[in-house]
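Step one of this worksheet: look at the structure below.
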Amino acid sequence: MYYPNMVPGRFLARPNRFIAHVEFPEGVEICHVKNTGRCRELLTVGAPVWCQHSANPARKTKYDLIAVEKNGLLINMDSQAPNIAAGEWLAAGGLGPLRNLKPEQRFENSRFDFAFTRQGQPCFLEVKGVTLEDGGHCAFPDAPTERGAKHIHELIRAKEQGYGAYLLFVIQMAGARSIRPNDATDPAFGAALRAAHAAGVEILAYDCCVTPETMELAEKVPVCL
């Protein structure tokens, strides 16, 4: 995926989860934050950030905050990016040949990110974007998420009904060494993830090649349950 019109800046403050104050060479601007998660370990005062400039005069803000540099590591924090990058990866053969690849497909009370047919079997795939990292080891989620556990339980039900079921962690940075459930923050998600693994849901994780303008899936990362 590609972001045009990217501009470097310096993070100053985040008054609420939707906006940030960013210093650019021409002055301080209010930017839209494309991630409603906490991201406290990322958005620290003075952190280098990259923002996308919008030419739309109707917008309340001229910029979207897309990426942040943490200890020299560039991390994409756009919550929409994992689905876009995953869709490109699937279409390019990341899981091998697929038929009928479609986004946002409903199953029972959920809407999974992708549906497709693989080796003659109808399948669902749910994507989770990951930005929480410490020394190359990543964790999900960075805040409690009832929706995340709900999606996993419905992947289990899909598997029980004969569908192929996949959960894909898209780690929005390069060089990840592992990923694990963040049991201290959300034990229910960790329990659901382990139940899914036991039920035969395929749990995958890939890190990404990230530049200020691009993000694409790169290397497979071990999932530690």
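- Across all their heavy atoms, Ile152 and Ala196 have their closest contact at CG2-CB, 3.6 Å.
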Next on the checklist: Please evaluate residues Glu133 and Gln172 with respect to the criterion side-chain hydrogen bond (donor to acceptor under 3.5 Å, both in side chains), reporting the C-alpha separation (whole Å), side-chain torsions for both, the decisive distance (0.1 Å), and the verdict.
Outcome noted: CA-CA 10 Å; Glu133 176 270 348; Gln172 294 170 251; over 6 Å; no

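- The number of heavy-atom neighbours closer than 6.0 Å to CG of Asn56, taken from other residues, nucleotides and ligands shown, is above 12.
- Side-chain atoms of Val22 and Arg10, non-hydrogen and from C-beta on, never get closer than 4.5 Å to each other.
- Of the possible polar contacts, none joining the Lys70 side chain to the Ala47 backbone as a donor-acceptor pair under 3.5 Å is found.
- Residue-environment remark: CD (Glu88) exceeds the threshold of 12 foreign heavy atoms within 6.0 Å.
- Between Glu160 and Arg157, no side-chain nitrogen of the basic residue sits less than 4.0 Å from a carboxylate oxygen of the acidic one, so the salt-bridge criterion is not met.
- Rounded to the nearest 0.5 angstrom, Asn83 CG and Glu104 CD are separated by 6.5 Å.
- Remark: the backbone N or O of Leu132 is not paired with any side-chain donor or acceptor of Asp142 at under 3.5 angstrom.
- Looking only at side-chain heavy atoms (C-beta outward), Phe140 and Phe169 come within less than 4.5 Å of each other.
- Ile171 and Val210 fall into different hydrophobic clusters, defined by Ile, Leu, Val, Met, Phe, Trp and Tyr side-chain heavy atoms under 4.5 Å apart, directly or through other members.
- Closest approach of Leu65 to Cys51, counting heavy atoms only: CA-SG, 3.9 Å.
- Expressed to the nearest 0.5 Å, how far CZ of Arg106 lies from CZ of Arg111 amounts to 4.5 Å.
- Residues Tyr163 and Phe114 are members of separate hydrophobic clusters, defined by side-chain heavy-atom contacts under 4.5 angstrom among Ile, Leu, Val, Met, Phe, Trp and Tyr.
- The structure places CZ of Phe11 at 4.5 Å from CG of Leu43, a figure rounded to the nearest 0.5 Å.
- No donor-acceptor contact under 3.5 angstrom links the side chains of Tyr3 and Asp64, judged on distance only.
- Side-chain contact between Leu167 and Leu155: present, with at least one pair of heavy atoms (C-beta onward) separated by less than 4.5 Å.
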Next on the checklist: Using the rule given for side chain to side chain contact (heavy atoms under 4.5 Å, CB included), can you reason through Val130 versus Ile179, listing the C-alpha separation, both sets of side-chain angles and the distance that settles it, and then say yes or no?
Outcome noted: CA-CA 9 Å; Val130 180; Ile179 182 170; 3.5 Å; yes

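- Using a 4.5 Å heavy-atom threshold, the side chains of Ile156 and Glu154 count as separate.
- In terms of heavy-atom proximity, Ala86 sits nearest to Val170 at CB-CG2, 4.4 Å.
- Follow the hydrophobic side-chain contacts under 4.5 Å out from Leu101 and you reach Leu217 in the same cluster.
- Atom-to-atom distance recorded for Asn35:CG and Asn76:CG is 9.0 Å, nearest 0.5 angstrom.
- No donor-acceptor pair under 3.5 Å is formed between the side chain of Thr214 and the backbone N or O of Tyr2.
- To the nearest 0.5 Å, atoms CG (Leu225) and CD1 (Ile203) are separated by 5.0 Å.
- Counted within 6.0 Å of CG on Asn71, heavy atoms from surrounding residues, nucleotides or ligands total 12 or fewer; the atom is thus considered open.
- With Ser110 contributing its side chain and Phe112 its backbone, the two residues share no donor-acceptor pair below 3.5 Å.
- Between Met77 and Ile66, every side-chain heavy-atom pair lies at or beyond the 4.5 Å cut-off.
- Sequence neighbours left out, the pairs with a member in residues 39-58 that pass ring pair (Phe, Tyr, Trp, His ring centres under 6.0 Å) are His53-Tyr63.
- With respect to Lys62 and Glu29, a salt bridge is recorded, a charged nitrogen being found less than 4.0 Å from a carboxylate O.
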Item to check | Ser178 and His137: CA distance, side-chain angles, deciding distance, side-chain hydrogen bond (donor to acceptor under 3.5 Å, both in side chains) verdict | outcome: CA-CA 5 Å; Ser178 69; His137 299 285; 2.7 Å; yes

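- A donor-acceptor contact shorter than 3.5 Å is absent between the side chain of Asn182 and the backbone of Ala139.
- A donor-acceptor contact closer than 3.5 angstrom is absent between the side chains of Gln52 and Glu213.
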Checklist entry - Does the side chain to side chain contact (heavy atoms under 4.5 Å, CB included) test come out yes or no for Asp207 and Met173, once each step is laid out? => result CA-CA 6 Å; Asp207 68 5; Met173 67 197 81; 5.6 Å; no

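- Closest approach of Arg177 to Gly135, counting heavy atoms only: NH1-O, 3.5 Å.
- A chain of hydrophobic side-chain contacts below 4.5 Å, direct or via other Ile, Leu, Val, Met, Phe, Trp or Tyr residues, connects Ile84 to Met215.
- Grouping the Ile, Leu, Val, Met, Phe, Trp and Tyr side chains by contacts below 4.5 angstrom, directly or via other members, places Leu168 with Phe116.
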Checklist entry - Can Thr145 and Arg147 be said to form a side-chain hydrogen bond (donor to acceptor under 3.5 Å, both in side chains), step by step? => result CA-CA 5 Å; Thr145 169; Arg147 184 170 175 266; over 6 Å; no

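- Looking at Arg59, its side chain does come within 3.5 Å of a backbone N or O of Thr61 through a donor-acceptor pair.
- Within 6.0 Å of CD on Glu146 lie no more than 12 heavy atoms contributed by other residues, nucleotides or ligands.
- Residue His153 places its NE2 atom among more than 12 non-hydrogen atoms of other residues, nucleotides or ligands, all under 6.0 Å distant.
- Nearest approach of Ala115 to Gln105, heavy atoms of both residues: CB-CG, 3.5 Å.
- Separating the CG atom in Leu42 from the CG atom in Leu73 is a distance of 9.5 Å, to the nearest 0.5 Å.
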What side-chain donor-acceptor pairs closer than 3.5 Å can you find for residues 117-126, not counting sequence neighbours?
from	atom 1	to	atom 2	distance (Å)
Arg118	NE	Leu95	O	2.8
Arg118	NH1	Tyr166	OH	2.8
Arg118	NH2	Leu95	O	3.2
Gln121	NE2	Gly162	O	3.1
Glu126	OE1	Asp113	N	3.2
Glu126	OE2	His151	ND1	3.1

Checklist entry - What's the verdict on side chain to side chain contact (heavy atoms under 4.5 Å, CB included) for Phe24 and Val49, showing C-alpha distance, side-chain angles and the deciding distance? => result CA-CA 10 Å; Phe24 298 101; Val49 294; 5.9 Å; no

Next on the checklist: Assess the residue pair Cys39 and Arg14 against the criterion (side chain to side chain contact (heavy atoms under 4.5 Å, CB included)); give the C-alpha distance rounded to whole Å, side-chain angles, the decisive distance to 0.1 Å, and a yes or no.
Outcome noted: CA-CA 10 Å; Cys39 304; Arg14 189 180 186 183; 4.0 Å; yes

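- Contact detail for Ala149 and Phe189: the closest heavy-atom pair is N-CD1, 4.0 Å.
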